[in-house]
2 protein chains.
Amino acid sequence: MERPRPAKITMSDKKQYTISELAKEFDVTTRSIRFYEDEGLLHPMRQGQSRIFSSKDRARLKLILRGKRMGFSLAETRELFELWDETLTGSEKQLLKTLEVVERRRAQLAQQKNDIEMMEMELDAHESRCQEALTDIRHKQQKATT
Amino acid sequence: MERPRPAKITMSDKKQYTISELAKEFDVTTRSIRFYEDEGLLHPMRQGQSRIFSSKDRARLKLILRGKRMGFSLAETRELFELWDETLTGSEKQLLKTLEVVERRRAQLAQQKNDIEMMEMELDAHESRCQEALTDIRHKQQKATT
DNA sequence: TTAGCAGTTTACGTAAACGTAAAGCAGAGG
DNA sequence: CCTCTGCTTTACGTTTACGTAAACTGCTAA
């Protein structure tokens with residue numbers, strides 16, 4: 001009787017996602033995703049009582065996680081989201097404020113790049129010291145066994 | 001009677017610091033500094049009951065704060081400190097483990113650099129959109145006043 | 001029909017990183 | 001001598017970002 005399947009959630013082109021799909025893809029718990037929704041960072045639709053996430057939600061989740069890796073709080077990320085959204089509807093004053101925020105973020109990124117470079121240099125230095133200490137130790141072992 | 005001042009803590013070459021000096025210099029609260037000590041990240045000497053911080057402590061505080069800007073937890077920073085310290089005394093096994101950790105950090109930094117680049121591109125894009133929206137608005141205002 | 005997931009809400013628990021209030025000691029200046 | 005200022009400890013409070021448990025719903029496979 002091959003009836004057409006009852007309109008599965010997962011369409012072939014994947015414009016929609018279940019909570020566990022996203023959880024698996026990005027390696028976060030469903031709890032976290034729900035929490036992000038509660039905090040106003042994601043706005044999934046509902047089918048019955050189940051959440052359905054759009055590709056926009058997916059993109060946002062990706063941004064949230066990137067923000068976390070960069071040390072941003074959820075509040076900061078939410079602030080960015082809200083600014084982005086206001087870009088479409090905002091007044092001139094709003095837009096100017098947004099540009100200011102963008103500049104501040106840029107400065108922050110510059111600082112972070114600096115921090116990363118310093119950190120890399122230190123890693124280099126300590127790696128060298130480590131290597132030296134290692135060859136030293138091995139040298140001594142060599143001598144001890146002769 | 002010009003006696004020599006009673007051995008002031010602050011020598012001219014500044015190898016020692018009080019808690020509030022460091023707090024001011026790095027714009028953190030004294031509470032935070034004490035907390036870092038409690039967590040084993042700083043090890044100030046004592047003069048009576050007052051803390052005296054060495055320039056090593058100062059350097060470490062700088063590293064702690066940099067770590068925070070990069071999104072590191074205090075535990076992660078402490079782990080690094082401990083590894084650095086072990087470099088001097090560690091066994092071969094210890095040193096190899098340290099090298100592993102260094103590699104992991106490097107990978108993390110690479111990821112962060114990537115994240116930052118992406119973020120910068122997005123800031124560029126949104127800034128452009130903002131600028132467009134602004135000229136649009138101003139255009140309309142121009143028309144409205146003619 | 002029953003069992004078993006996957007999902008839901010509600011709510012209390014927890015770890016990290018401090019904030020903040022209380023209460024006390026110590027030296028310097030008036 | 002008294003007070004002020006800075007430092008100290010002790011300890012409870014707070015925010016963020018979830019973890020975890022309980023109890024319920026709805027679909028699907030056996």
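Predicted model, so just to flag it, every value in this text is computed and none were measured. Chain identifiers are assigned alphabetically (A, B, ...) following the order of the sequence lines, protein sequences preceding nucleic acid strands; residue numbering begins at 1 within each chain. All heavy atoms count here, side chains included; hydrogens, waters and symmetry mates do not.
The side-chain hydrogen bond (donor to acceptor under 3.5 Å, both in side chains) pairs that include a residue from residues 91-102 of chain A are A:E92-B:R138, where partners are two or more places apart or lie in different chains. Counting only residues at least two apart or on different chains, the salt bridge (Lys or Arg N to Asp or Glu O under 4.0 Å) pairs with a member in residues 110-122 of chain A are A:K113-B:E120, A:D115-B:R69, A:E120-B:K113, A:E122-B:R66.
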For nucleotides 3-9 of chain C, read 5' to 3', which letter fits each nucleotide if B means a protein heavy atom sits under 4.0 Å from the base, S means only the sugar-phosphate is that close, and - means neither? ---SSBB
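Looking at heavy atoms from C-beta onward, B:M119 lies in side-chain contact with A:L80 at the 4.5 angstrom threshold. Contact check for A:R58 versus A:F53: no side-chain heavy atoms found under the 4.5 Å cut-off. Between A:R46 and A:R51, some side-chain heavy-atom pair lies under the 4.5 Å cut-off. A:F26 places none of its side-chain heavy atoms less than 4.5 Å from the side chain of A:I33. The closest side-chain heavy-atom distance from A:F72 to A:R105 is below 4.5 Å.
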Dot-bracket for DNA chain D, 5' to 3', counting Watson-Crick or G-U wobble pairs under 3.5 Å, with [ ] for crossing pairs and | for inter-strand pairs? ||||||||||||||||||||||||||||||
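A straight line from CD of B:Q47 to C1' of D:dT8 spans 14 Å, rounded to a whole angstrom. Straight-line distance from the CG atom of A:L42 to the P atom of D:dA17: 14 Å, rounded to whole Å. What separates CG of A:L65 from P of D:dA17 is a distance of 13 Å, to the nearest Å. The separation between B:D38 atom CG and D:dT9 atom C1' is 10 Å, rounded to whole Å. Atom-to-atom, CD1 of B:I33 to P of D:dG6 comes out at 15 Å; the value is rounded to the nearest Å.
Scanning for side-chain contact (heavy atoms from CB on, under 4.5 Å) contacts around B:L74 gives B:F35, B:Y36, B:L41, B:I64, with sequence neighbours left out.
Contact detail for B:S32 and B:T29: the closest heavy-atom pair is OG-OG1, 2.9 Å.
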From CA spacing to verdict: side-chain contact (heavy atoms from CB on, under 4.5 Å), A:M118, B:L63: CA-CA 10 Å; A:M118 303 282 282; B:L63 292 181; over 6 Å; no
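A salt bridge is absent between A:R104 and A:E76: the closest approach of a Lys/Arg side-chain nitrogen to an acidic carboxylate oxygen does not fall below 4.0 angstrom.
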Measure all distances between protein nitrogen or oxygen atoms and nitrogen or oxygen atoms of nucleotides 13-17 of chain C, and list the pairs falling under 3.5 Å.
unit_1: C:dA17; atom_1: OP1; unit_2: B:L74; atom_2: N; d: 2.8

